[in-house]
**Student:** 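Shown below is the structure under consideration.
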Amino acid sequence: MSNNASSKPTVLFVFTSAHRIANRPTGWSLPDAAKPFYALKSEYNIVAVSPQGGEPPLDPRTAKEFNDDECKKFINDPEALDVWQKTRRIRDVKVEDIHAICIVGGHGAMVDLAEDQELANLIYSLRKNDKVISAISHGPSGLLAVVKTGVDKNFLSNVRVTAITDQQEEQAGFQGLLPFSLERELQSAGAAYTAMDVSFDNGILTGMNSYCADQFASQLRMVLSKGQ
């Protein structure tokens with residue numbers, strides 16, 4: 001890490017390590033990482049982690065579906081590749097080094113992030129230190145980890161959050177293939193689920209789906225610039 005990079009506040013991007021869901025290839029969703037990366041990189045040091053470390057699997061479906069300039073650049077840009085192809089393990093992160101966290105969406109997050117103990121501990125500690133927690137699309141699966149692992153059963157109680165809807169999953173052909181309904185699990189965890197494009201409540205910023213990634217990234221930059 002260069003001196004210039006280390007002088008900036010660090011935003012931690014969390015990627016899934018899961019590469020299959022049911023019988024389909026999966027991983028992280030391209031715009032869910034590309035949009036926040038380019039919105040933040042000039043003012044923040046971006047560091048990436050995943051449960052297994054190393055290169056996280058990019059969902060090939062999203063690479064085909066989302067092909068605007070930033071998405072195409074993200075998978076070829078040496079600066080971006082140096083971040084997401086070389087993720088650290090979640091357990092290697094120190095809370096005091098992190099300014100905010102961004103949990104990248106993609107169906108893979110439902111497979112390994114929803115009950116990841118190390119991620120649950122990290123998110124809980126960051127919120128205790130008034131750091132911004134953000135997640136988009138399937139990324140809020142990571143928020144569920146705090147509840148599911150028993151770190152804080154009330155972590156999401158009455159917190160307004162958005163995430164991909166059951167209807168959107170059905171329209172995308174994933175009905176019956178997913179380990180759980182993210183919409184219903186968030187509600188069961190006590191969250192005030194909303195189908196808004198972007199929601200910010202109690203220090204937690206969420207985006208509904210990958211089509212909202214531009215709006216989510218802009219809102220994240222705004223929230224961070226205002227110190228919440």
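All of these numbers come straight from a predicted model, not from anything done at the bench.
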**Student:** Tell me every residue that passes side-chain hydrogen bond (donor to acceptor under 3.5 Å, both in side chains) with R160, counting only those two or more places apart in sequence or in another chain.
**Tutor:** S199
**Student:** Tell me whether M196 shares a hydrophobic cluster with M222, the cluster being built from Ile, Leu, Val, Met, Phe, Trp, Tyr side chains joined at under 4.5 Å.
**Tutor:** no
**Student:** Show me, pair by pair, the donor-acceptor contacts under 3.5 angstrom made by side chains of residues 95-102, not counting sequence neighbours?
**Tutor:**
none

**Student:** Among residues at least two apart in sequence or on other chains, which ones pass salt bridge (Lys or Arg N to Asp or Glu O under 4.0 Å) with R89?
**Tutor:** none
**Student:** Quick test of your reading: applying salt bridge (charged side-chain N to carboxylate O under 4.0 Å, His left out), list the pairs with at least one residue in residues 138-151, sequence neighbours left out, ordered by first then second residue.
**Tutor:** K148-E185
**Student:** If you look at every heavy atom in T149 and Q117, which pair is closest and at what distance?
**Tutor:** CB-OE1, 3.5 Å
**Student:** Who are the ring-ring contact (aromatic ring centres under 6.0 Å, His included) partners of F216, not counting sequence neighbours?
**Tutor:** none
**Student:** Just jot down the side-chain hydrogen bond (donor to acceptor under 3.5 Å, both in side chains) partners of R91, sequence neighbours excluded, or say none.
**Tutor:** none
**Student:** What pairs meet the ring-ring contact (aromatic ring centres under 6.0 Å, His included) rule with one or both residues in residues 106-145, with sequence neighbours excluded?
**Tutor:** H107-H138, H107-F174
**Student:** Strictly by salt bridge (charged side-chain N to carboxylate O under 4.0 Å, His left out), give each pair with a member in residues 36-49 just once, sequence neighbours left out.
**Tutor:** K41-E79
**Student:** Restricting to ring-ring contact (aromatic ring centres under 6.0 Å, His included), what partner residues turn up for F37, sequence neighbours left out?
**Tutor:** F74
**Student:** Please table the atom pairs, donor to acceptor, closer than 3.5 Å between any side-chain atom in residues 57-64 and protein atoms at least two apart or in another chain.
**Tutor:**
residue: D59; atom: OD1; partner: R61; partner atom: N; Å: 2.9
residue: R61; atom: NH1; partner: E65; partner atom: OE1; Å: 3.3
residue: T62; atom: OG1; partner: L30; partner atom: N; Å: 3.2
residue: T62; atom: OG1; partner: D59; partner atom: O; Å: 2.8

**Student:** Taking atom CG of D69 as the centre, does the number of heavy atoms from other residues, nucleotides or ligands within less than 6.0 Å exceed 12?
**Tutor:** no
**Student:** I103, M208: one ILVMFWY side-chain cluster at the under-4.5 Å cut-off?
**Tutor:** no
**Student:** Under 3.5 Å, is there a donor-acceptor pair linking the side chains of N209 and S137?
**Tutor:** no
**Student:** Taking only residues two or more places apart in sequence, or in another chain, which ones meet K86 in a side-chain hydrogen bond (donor to acceptor under 3.5 Å, both in side chains)?
**Tutor:** D82
**Student:** Do L122 and L12 make a side-chain contact, defined as non-hydrogen atoms from C-beta onward lying under 4.5 Å apart?
**Tutor:** yes
**Student:** Compare every heavy atom of F15 with every heavy atom of L113, then report the nearest pair and how far apart it is.
**Tutor:** CD2-O, 4.1 Å
**Student:** Provide the closest heavy-atom pair for Y38 versus A80 in the form atom of the first, atom of the second, distance.
**Tutor:** OH-CB, 4.1 Å
**Student:** Quick one: salt bridge (charged side-chain N to carboxylate O under 4.0 Å, His left out) pairs with a partner in residues 210-219, sequence neighbours left out?
**Tutor:** K35-D214
**Student:** If we only count heavy atoms from C-beta on, is the Q167 to Q171 side-chain gap below 4.5 Å?
**Tutor:** yes
